[in-house]
Amino acid sequence: MSNKLAFIMLDGLRYDTAVSQMGYLHHLIEMGKASRFKVKSELPSLSRPLYEVLLTGTPVFKNGITSNQTVRLSHEESLFHLTKKAGLKNATASYFWVSELYNSAPFHPVTDRIQLNTEKAIQHGIFYWEDHYPDSHLFYDANFLMDQYEPDFLYIHSMNIDNDGHLFTADSKEYRNRVIAVDILLANILPKWMEAGYQIIVTADHGMNRDGQHGGTTAADRDVPLFIITDKLKHGMYEEVIPQLQIAPLACELLNIQPSSAMQKLSFPKLK
Ligand SMILES: [Zn+2]
């Protein structure tokens with residue numbers, strides 16, 4: 001394995017549903033190839049604020065992305081900025097809010113849908129704006145970027161789990177079945193990505209409650225999974241609860257780049 005990292009962010013995936021429904025990822029754990037942790041999300045447990053948390057390692061009161069309506073470029077140094085600064089290549093297949101945070105805001109579909117070879121923080125991006133844009137297509141958008149540009153850092157951001165959570169609540173066969181469907185997508189694509197030498201992170205921004213919402217402080221809102229495939233970690237299922245602010249410095253460690261000065265010092269357990 002190299003220092004390359006594919007960071008997969010499954011929007012709205014709560015911890016217990018990931019644990020009960022994601023058979024392929026747990027197969028990797030049983031085979032000693034992956035690790036699982038529980039992450040406690042930052043607050044508020046909303047999408048855009050937590051995209052910024054995951055990608056910059058800064059809390060909302062500092063980064064100022066306080067709600068989904070905060071439509072502006074980030075003021076922080078993101079994993080895109082840091083990889084570019086380190087001379088690495090980055091790419092993403094993501095919801096359009098990621099483009100608004102790191103490349104340009106507001107998002108214009110006519111010009112911003114596909115952004116390749118840019119001078120901006122995100123060097124190669126394919127962005128969607130419908131919450132029902134199929135995850136099946138998204139993962140192959142990401143695969144295209146991987147094959148075409150061999151990015152050191154590839155960020156993949158899916159939306160169908162969150163969308164079904166809002167439509168049917170977390171306590172529904174639709175939500176649970178969508179999580180199974182994403183696990184199957186991962187079963188189809190991850191063997192190729194691992195073969196290509198990529199380390200893999202799979203996590204979520206926030207969870208989903210029985211009202212079909214998130215934003216509050218309950219375990220349903222805040223507890224999300226973290227699966228890691230890397231040679232740099234002793235594999236297994238761990239009980240430690242990881243603060244979400246640790247994810248960005250963890251990504252820097254896996255990428256072997258300098259974290260930003262705003263990030264927490266990495267105190268991640270079990271790293272070799
Ligand atoms: Zn949502």
Are the side chains of [X] and [Y] in touch, meaning some heavy atoms are under 4.5 Å apart?
{"X": "M146", "Y": "W193", "result": "yes"}
{"X": "Y155", "Y": "I122", "result": "no"}
{"X": "L46", "Y": "H214", "result": "yes"}
{"X": "V179", "Y": "R176", "result": "no"}
{"X": "V241", "Y": "V39", "result": "no"}
{"X": "I200", "Y": "M194", "result": "yes"}
{"X": "F139", "Y": "L186", "result": "yes"}
{"X": "T56", "Y": "E77", "result": "no"}

Can you name the nearest heavy-atom pair linking [X] to [Y], along with the distance?
{"X": "H26", "Y": "A18", "value": "CE1-O, 3.4 Å"}
{"X": "S260", "Y": "L82", "value": "N-CD1, 3.8 Å"}
{"X": "A86", "Y": "I257", "value": "CB-CG2, 3.7 Å"}
{"X": "V71", "Y": "A105", "value": "CG1-CB, 4.3 Å"}
{"X": "V224", "Y": "A204", "value": "CG2-O, 3.6 Å"}
{"X": "D205", "Y": "M9", "value": "N-SD, 3.3 Å"}

Do the side chain of [X] and the main chain of [Y] share a donor and acceptor less than 3.5 angstrom apart?
{"X": "E100", "Y": "F107", "answer": "yes"}
{"X": "Q123", "Y": "N90", "answer": "yes"}
{"X": "D152", "Y": "K89", "answer": "yes"}
{"X": "N160", "Y": "D135", "answer": "yes"}
{"X": "N63", "Y": "I65", "answer": "yes"}
{"X": "S2", "Y": "G197", "answer": "yes"}
{"X": "E76", "Y": "T58", "answer": "no"}
{"X": "K62", "Y": "A262", "answer": "no"}
{"X": "T169", "Y": "G212", "answer": "no"}
{"X": "D131", "Y": "N163", "answer": "no"}

Consider only side-chain N and O atoms of [X] and [Y], and report whether a donor and an acceptor are under 3.5 Å apart.
{"X": "H124", "Y": "T92", "answer": "no"}
{"X": "Q115", "Y": "N103", "answer": "yes"}
{"X": "R36", "Y": "Y15", "answer": "yes"}
{"X": "Y198", "Y": "N3", "answer": "no"}
{"X": "S35", "Y": "H235", "answer": "yes"}
{"X": "E52", "Y": "S74", "answer": "yes"}

Can you label the angle between the [X] ring and the [Y] ring as parallel, tilted or perpendicular, going by 30° and 60°?
{"X": "Y238", "Y": "F37", "answer": "parallel"}
{"X": "F144", "Y": "Y149", "answer": "perpendicular"}
{"X": "Y51", "Y": "W97", "answer": "tilted"}
{"X": "H81", "Y": "Y102", "answer": "perpendicular"}

Do you reckon [X] sits in the same ILVMFWY cluster as [Y], going by side-chain contacts under 4.5 Å, direct or chained?
{"X": "I156", "Y": "I184", "answer": "no"}
{"X": "L154", "Y": "F227", "answer": "yes"}
{"X": "L73", "Y": "V53", "answer": "no"}
{"X": "L50", "Y": "L226", "answer": "no"}
{"X": "M263", "Y": "L266", "answer": "yes"}

#### Entry: Validation row, ring centre F127 to ring centre Y95 under 6.0 Å
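Distance test on ring centres: not under 6.0 Å, no.
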
### Task
Assert yes or no for the condition that the ring centre distance of H137 to Y128 is strictly below 6.0 Å.
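Between Y128 and H137, which both carry aromatic rings, the centre distance is not below 6.0 Å.
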
### Task
Please report the C-alpha distance between Q244 and L54 in whole Å, then the side-chain angles of each, then the deciding distance to 0.1 Å, and finally whether the side-chain contact (heavy atoms from CB on, under 4.5 Å) criterion is met.
CA-CA 7 Å; Q244 201 168 30; L54 285 167; 3.8 Å; yes

Rounded to the nearest 0.5 Å, what's the gap from [atom1] on [X] to [atom2] on [Y]? Could you check?
{"X": "M22", "Y": "L28", "atom1": "CE", "atom2": "CG", "answer": "11.0 Å"}
{"X": "L250", "Y": "C252", "atom1": "CG", "atom2": "SG", "answer": "9.0 Å"}
{"X": "S267", "Y": "Q246", "atom1": "OG", "atom2": "CD", "answer": "3.5 Å"}
{"X": "L13", "Y": "I161", "atom1": "CG", "atom2": "CD1", "answer": "4.5 Å"}
{"X": "R222", "Y": "N209", "atom1": "CZ", "atom2": "CG", "answer": "14.0 Å"}
{"X": "F80", "Y": "L55", "atom1": "CZ", "atom2": "CG", "answer": "5.5 Å"}

Counting only heavy atoms not in [X] (residues, nucleotides, ligands), do more than 12 fall under 6.0 Å from its [atom1]?
{"X": "K33", "atom1": "NZ", "answer": "no"}
{"X": "R210", "atom1": "CZ", "answer": "no"}
{"X": "Q258", "atom1": "CD", "answer": "no"}
{"X": "K234", "atom1": "NZ", "answer": "no"}
{"X": "E240", "atom1": "CD", "answer": "yes"}

### Message
Is there a side-chain contact (heavy atoms from CB on, under 4.5 Å) between Y133 and M159? Walk through the geometry before answering.
### Response
CA-CA 8 Å; Y133 182 74; M159 193 55 88; over 6 Å; no

### Task
Apply the test side-chain contact (heavy atoms from CB on, under 4.5 Å) to residues F153 and K4: give CA-CA distance (whole Å), side-chain angles for both, the deciding distance (0.1 Å), then the verdict.
CA-CA 6 Å; F153 175 58; K4 292 185 174 187; over 6 Å; no

### Message
Which residue in the set L10, D11, L167 passes side-chain contact (heavy atoms from CB on, under 4.5 Å) when paired with D162?
### Response
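Only one of L10, D11, L167 forms a side-chain contact (heavy atoms from CB on, under 4.5 Å) with D162, namely D11.
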
### Task
Start with the C-alpha gap between N68 and T70, add the side-chain angles, then the distance that decides, and say whether side-chain contact (heavy atoms from CB on, under 4.5 Å) holds.
CA-CA 6 Å; N68 289 340; T70 315; over 6 Å; no

### Message
Pair D223, R14 - check salt bridge (charged side-chain N to carboxylate O under 4.0 Å, His left out), show working.
### Response
CA-CA 6 Å; D223 290 359; R14 60 187 254 173; over 6 Å; no

